[in-house]
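To start, the structure itself, in structure tokens.
In what follows, chains are A, B, ... by sequence order, proteins preceding strands, each numbered from 1.
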Amino acid sequence: GAVVSQHPSWVICKSGTSVKIECRSLDFQATTMFWYRQFPKQSLMLMATSNEGSKATYEQGVEKDKFLINHASLTLSTLTVTSAHPEDSSFYICSARQTYTTRARTDTQYFGPGTRLTVL
Amino acid sequence: AQKVTQAQTEISVVEKEDVTLDCVYETRDTTYYLFWYKQPPSGELVFLIRRNSFDEQNEISGRYSWNFQKSTSSFNFTITASQVVDSAVYFCALSEGTSGTYKYIFGTGTRLKVLA
């Protein structure tokens with residue numbers, strides 16, 4: 001259980017184009033999903049928190065107009081990199097936090113396999 | 001301020017050796033959660049364990065064991081009889097219980113190389 005998928009797994013695009021990355025929780029509902037960016041040999045950097053049915057919360061320094069996040073359902077969040085430039089090339093990872101119907105709190109995030117974006 | 005420190009940037013061991021990965025955390029919350037994830041070369045983070053701040057019991061799962069000590073704010077991870085397949089980057093993470101954001105604070109990761 002607790003499987004998260006990402007699509008595409010890799011993408012190459014020209015500078016100035018927009019790229020959409022999908023994150024799906026396959027076997028559970030996720031009220032909250034997270035988008036991270038990881039540069040080579042570095043840790044994960046949280047970009048934004050995506051909440052189903054509401055606006056995403058962006059971390060300081062992340063341009064909300066450049067990285068558009070939509071969390072339209074309890075199993076799907078999308079990240080669109082608009083007008084991509086070579087400096088946006090990176091490994092983008094999403095995670096999903098399982099929603100429980102009980103009052104038990106859980107903070108475990110399950111991660112997708114990541115999307116490698118290369119902007120030429 | 002919340003912080004997770006993984007002081008070991010890279011560790012190399014020979015197969016079958018035991019290895020311990022250190023994780024030290026800082027938080028003002030009394031309720032918090034600690035995690036370990038494995039990131040193999042494929043890139044996907046694999047969940048290994050979650051510990052809440054009220055449960056200091058150490059845990060063993062096969063060749064993996066975790067030592068949680070609140071007195072030293074540490075949550076160390078030991079791999080016994082390491083194998084080449086254990087080669088990966090391992091991340092320790094902290095989630096504070098009262099923030100309501102469920103965000104993780106990640107350590108910088110420890111790259112483990114297990115040599116045959």
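- Considering OG1 of B/Thr108 and CG of A/Leu44, their distance stands at 11.5 Å, rounded to 0.5 Å.
- B/Tyr90 is connected to B/Leu94 through a chain of hydrophobic side-chain contacts under 4.5 Å among Ile, Leu, Val, Met, Phe, Trp and Tyr, so both are in one cluster.
- Listed here is the closest heavy atom pair of B/Gly43 and A/Ile93: O-CD1, 4.4 Å.
- Distance CD/A/Gln38 to CZ/B/Phe106: 9.0 Å, rounded to 0.5 Å.
- Taking all atoms of both residues into account, the shortest heavy-atom contact from A/Ser43 to B/Gly107 is OG-O, 2.7 Å.
- Taking a 6.0 Å sphere around NZ of B/Lys70, one finds it holds more than 12 heavy atoms contributed by other residues, nucleotides or ligands.
- Looking at A/Gln6, there are no atoms closer than 4.5 Å to chain B (heavy atoms on both sides), in backbone or side chain.
- With contacts defined as side-chain heavy-atom distances shorter than 4.5 Å, the pair A/Leu46/B/Ile105 does not qualify.
- Residues A/Phe111 and B/Phe91 are members of one and the same hydrophobic cluster, defined by side-chain heavy-atom contacts under 4.5 angstrom among Ile, Leu, Val, Met, Phe, Trp and Tyr.
- Few gaps surround CD on A/Glu87; more than 12 heavy atoms of other groups in view lie less than 6.0 Å from it.
- Both A/Tyr58 and A/Met45 are assigned to one and the same hydrophobic cluster, defined by single-linkage of ILVMFWY side chains at heavy-atom distances under 4.5 Å.
- B/Tyr102 places no side-chain N or O within 3.5 Å of a backbone atom of A/Met33 that could act as its donor or acceptor partner.
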Item to complete: Could you please spell out the steps behind the ring-ring contact (aromatic ring centres under 6.0 Å, His included) verdict for A/Tyr36 and B/Tyr104?
Response: CA-CA 11 Å; A/Tyr36 297 84; B/Tyr104 279 8; 7.4 Å; no
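- Contact between B/Arg111 and A/Lys41 at its shortest, heavy atoms only, is NH2-CG, 3.6 Å.
- Heavy atoms from other residues, nucleotides or ligands lying under 6.0 Å from NZ of B/Lys3 number 12 at most.
- In this structure, OH on B/Tyr37 lies 5.5 Å from CD on A/Gln109, to the nearest 0.5 angstrom.
- Looking at B/Gln6, neither its backbone nor its side chain comes within 4.5 Å of chain A, counting heavy atoms on both sides.
- Both A/Phe28 and B/Tyr33 belong to a single network of hydrophobic side chains, linked directly or stepwise wherever heavy atoms of I, L, V, M, F, W or Y lie under 4.5 Å apart.
- Hydrophobic clustering places B/Ile49 together with B/Leu112 (ILVMFWY residues linked when any side-chain heavy atoms are closer than 4.5 Å, directly or through intermediates).
- Around the CG atom of A/Leu120, the shell of radius 6.0 Å holds more than 12 heavy atoms that belong to other residues, nucleotides or ligands.
- Taking OG of A/Ser5 as the start and CD of B/Glu44 as the end, the distance is 10.0 Å to the nearest 0.5 Å.
- Rounding to the nearest 0.5 Å places CZ of A/Phe91 at 6.5 Å from CD of B/Gln39.
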